[in-house]
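A, B, ... follow the sequence lines: proteins, then strands. Residue 1 opens every chain. Remember, predicted model here, so these are calculated numbers, not experimental data. Both backbone and side-chain heavy atoms feed into the values below; hydrogens, waters and symmetry mates do not.
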Amino acid sequence: MSPTPAATAPLDVLRGALRDAAQAVGGDGHVGDRATLERPKRDDFGDYATNVAMLLAPVVGGPPRDIAGKVGEELQARLGPLLDRVEVAGPGFLNLFLSDAWHTAALTSVLAAGERFGGGGAEQPERLNVEFVSANPTGPLHVGHARNAAYGDALSRIFAFHGHEVVREYYVNDFGSQIARLAESVRARARGEEVAEDGYQGDYVQAIANAIPDAATMELDPLGQKAVALMTERIRESLHFFGVDFDVWFSERSLHEPSASLGGQDPVTHAFATLADLDQTYAHEDALWLRSGQHGDDKDRVLVRSSGEHTYFASDIAYMLDKRERGFDRLLYVLGADHHGYRARMAAAYEALGGDVASLDLLIMQFVHLVERGERSSMSKRSGEFVTLDDLVAEIGVDAARWFLLQRSHDTTIDLDLDLAREESAENPVYYVQYAHARISSVLDKAGADRVAAALGAEHAGVALHPAEKALVKKLLAFPAEIAEAAERRAPHRIATYALEVAQTFTAFYRDCQVVGAEGEGVEDLRLAVSVAARQTIATSLGLLGVTAPETM
RNA sequence: GCCCCGAUAGCUCAGCUGGAUAGAGCGUCCCCCUCCUAAGGGGAAGGCCGCAGGUUCGAAUCCUGCUCGGGGCGCCA
């Protein structure tokens with residue numbers, strides 16, 4: 001993942017010139033880095049605009065507009081023919097109008113990066129562990145899990161593309177009282193009896209019972225394990241069909257079994273010993289407590305009950321310690337909104353184990369409401385009539401499901417409009433983006449592979465660009481920064497927003513600029529090249545979301 | 001009571017580590033297929049950015065306090 005050479009990345013050239021210019025007029029060097037360099041809302045404000053003069057004003061003294069003028073002169077001297085002109089505007093903005101030559105050089109840099117365009121930008125690559133979904137294997141995945149799965153997976157894809165090393169992990173809660181309850185429910189079904197009040201009521205329980213020959217007569221413990229194995233496999237298949245595959249399926253049960261790597265000790269005992277060494281636990285009223293209150297939690301938490309049983313929290317800590325000992329730079333947990341109450345104790349546990357909470361990310365997913373014909377259908381898990389991931393996919397397809405679950409920020413509740421998601425038309429944003437990709441493919445197909453190859457090898461110097469072409473090139477250039485933002489802010493929805501914008505910008509270009517058969521020296525070459533770059537960027541964006549990029553529709 | 005999330009166009013939501021005249025999709029209304037995919041495009045209407053203070057040259061964005069909505073606060077998992 002070699003990053004795009006700084007010398008040829010046009011935005012880096014601009015940034016560098018801006019930094020130098022700021023320094024030349026008296027800045028301390030940092031001002032140039034803090035200054036914005038962004039696409040203004042209006043075209044007559046130039047290709048890019050910077051607030052550098054307003055930041056310099058308090059440092060060097062004097063009216064911002066005067067300073068902007070000086071910075072402009074410095075920039076012009078440094079950028080020469082790449083910069084057509086500058087304008088000082090408003091309270092002291094400096095608007096930059098870049099030349100055709102700059103735009104074509106930018107396009108060339110995008111094409112040179114090829115499939116890697118936008119990726120590999122992580123300044124400090126890290127080894128990341130992303131735990132997500134981790135739904136109890138006592139029932140099928142529902143729509144909330146689907147959001148969690150889509151988010152965790154897209155985030156992982158973005159991290160990897162950005163240059164990090166990612167391990168996707170699913171924690172299987174195959175231990176504890178809910179497994180016994182599942183076993184009892186399965187056995188009841190196998191015997192043709194009613195499931196107990198506090199048991200699992202769904203139809204899938206009968207399916208599990210049917211799949212285990214001796215379910216009616218087996219001991220509860222092995223029956224529970226068998227049921228969990230079947231349920232876990234079903235979950236794994238659902239996720240795989242949804243485009244989500246995990247690297248590690250971590251068994252909670254294994255935390256309570258002897259481990260060879262711990263010299264025969266079990267991980268929970270190992271964790272207790274580790275915490276004891278750090279003086280993070282104490283005994284009180286026959287129970288073992290973690291000093292979580294010292295690490296930001298509301299109070300201390302029990303690890304071993306007075307009855308001698310371990311709490312689930314004990315497993316969580318042992319698991320967390322296991323991850324730490326596997327050597328990750330950062331642990332990420334994608335948790336459902338109903339788990340936010342555990343944030344404080346998880347963070348406390350992390351600190352108690354000697355970790356720095358700056359390397360722990362506890363991400364909370366907000367809820368999903370399904371909307372059909374304008375009405376909300378809440379997914380009540382109790383009643384057993386919740387919508388499953390499989391149902392959702394059967395209803396609207398993987399692409400639409402992933403798109404609609406990912407297009408909004410993870411910390412806002414979303415209303416997923418099933419009618420709109422089912423719509424196979426431009427009213428549906430996911431189809432709109434896919435259509436743009438298919439349309440580009442069609443144009444390139446019409447031109448022919450040889451023609452496209454020739455266009456990619458052509459020099460574009462001297463070709464005058466149409467405003468729509470410039471707009472598209474600049475939209476594409478924003479991709480690396482979008483990836484960085486999406487990764488750093490754990491915000492895959494930014495990629496969805498961006499993909500839609502690229503599709504819109506391409507569509508405007510397509511409307512205004514005939515590609516195949518365009519008149520003028522080198523114009524068709526340039527437009528084919530722009531098209532290739534746009535298709536690449538859309539395909540990469542969709543790929544990061546786990547949505548397909550079809551050649552034809 | 002305490003904690004988390006939200007409040008932006010009729011609806012669903014971007015924008016939020018401060019910048020110029022606040023955006024998209026849907027919905028509504030008008031218009032456009034001799035032209036590389038009309039699964040498309042052009043245009044219009046539509047906003048005290050929840051309320052009140054504060055910081056700043058500048059606040060949807062940052063701080064404080066409220067209001068409303070959603071969720072969570074067990075030696076359950």
Is a side-chain donor-acceptor pair under 3.5 Å present for A:Ser359 with A:Tyr350? yes
Looking at A:Asp44, I want to see if its CG is surrounded by more than 12 non-hydrogen atoms of other residues, nucleotides or ligands under 6.0 Å.
yes
*asked:* Would you measure the distance from the P atom in B:rC29 across to the matching atom in B:rU34 and give it in whole Å?
replied: 24 Å
| message | Under 4.0 Å, heavy atoms only, any strand: does A:Ala337 hit a base, just the sugar-phosphate, or nothing? | response | sugar-phosphate
Looking for any heavy atom pair under 4.0 Å, which part of the strands does A:His339 touch: base, sugar-phosphate only, or nothing? base
Inset, instruction - Could you check whether A:Ser442 gets within reach of a base, just the sugar-phosphate, or nothing at all, counting any heavy atom under 4.0 Å? - result: base
When we call it a touch if two heavy atoms are under 4.0 Å apart, what does A:Gln514 touch: a base, just sugar-phosphate, or nothing? base
When rounded to whole Å, the CD to P distance for the pair A:Glu551 and B:rC36 reads 20 Å
Quick one: the side chain of A:Asn51 and the base of B:rG19, do they pair up donor-acceptor inside 3.5 Å?
yes
task = Remember a base hit wins even if backbone is also touched, and classify A:Asn95 as base, sugar-phosphate or nothing at under 4.0 Å, heavy atoms.
result = base
Glycosidic torsion of B:rC33 (syn if within 90° of 0, anti otherwise) classifies it as syn
Here the distance between atom C1' of B:rG25 and atom OH of A:Tyr431, to the nearest Å, is 16 Å
Margin query: Distance criterion of 3.5 Å, no angle test: do you see the side chain of A:Tyr342 paired donor-to-acceptor with the base of B:rC76?
Written below: yes
### Query
So what does A:Arg511 touch, heavy atoms closer than 4.0 Å: a base, only the sugar-phosphate, or nothing?
sugar-phosphate
Rounded to whole Å, NE2 of A:His493 lies from P of B:rG25 at a distance of 17 Å
Next item on the list: Spell out, as yes or no, whether a donor-acceptor pair under 3.5 Å connects the side chain of A:Arg39 to the backbone of A:Asp47.
Entry: yes
Here the gap from A:Leu545 atom CG to A:Trp403 atom CH2, rounded to the nearest 0.5 Å, amounts to 6.5 Å
note: A:Asp445, atom CG; B:rC36, atom P; distance rounded to Å ~ 15 Å
Q: Using a 4.0 Å heavy-atom cut-off across all strands, classify A:Glu524 as base, sugar-phosphate, or nothing.
A: nothing
_Students often get this wrong, so: under 4.0 angstrom with heavy atoms, is A:Ile414 touching a base, only sugar-phosphate, or nothing?_
sugar-phosphate
### Query
Going by modelled atom types, is there a donor-acceptor pair between the base of B:rC73 and the side chain of A:His340 at under 3.5 Å?
no
Of A:Val52, A:Val31, A:Thr36, the one forming a side chain to side chain contact (heavy atoms under 4.5 Å, CB included) with A:Leu18 is A:Val52
Note to self: Which label fits A:Tyr151 and A:His410: parallel for a plane angle under 30°, tilted from 30 to 60°, or perpendicular past 60°?
What the structure shows: tilted
Exercise for review: Tell me whether the OP1 or OP2 atom of B:rC76 has a side-chain N or O from A:Arg181 closer than 4.0 Å.
Suggested key: no
Base, sugar-phosphate alone, or nothing: which one does A:Ser409 contact when heavy atoms must sit under 4.0 Å apart? sugar-phosphate
Practice task
Would you indicate what A:Phe175 reaches in the nucleic acid, counting non-hydrogen atoms under 4.0 angstrom: base, sugar-phosphate, or nothing?
Solution key: sugar-phosphate
* Asked: What nucleic acid atoms does A:Thr552 come within less than 4.0 Å of, heavy atoms only: base, sugar-phosphate, or nothing?
  -> base
Side-chain contact check for A:Lys299: nearest option of B:rC75, B:rG6, B:rA39 is B:rC75
Between CG of A:Leu500 and P of B:rC26 the distance, given in whole Å, is 9 Å
Applying a 4.0 Å non-hydrogen cut-off, can you work out what A:Ala447 is touching in the nucleic acid: base, sugar-phosphate, or nothing? nothing
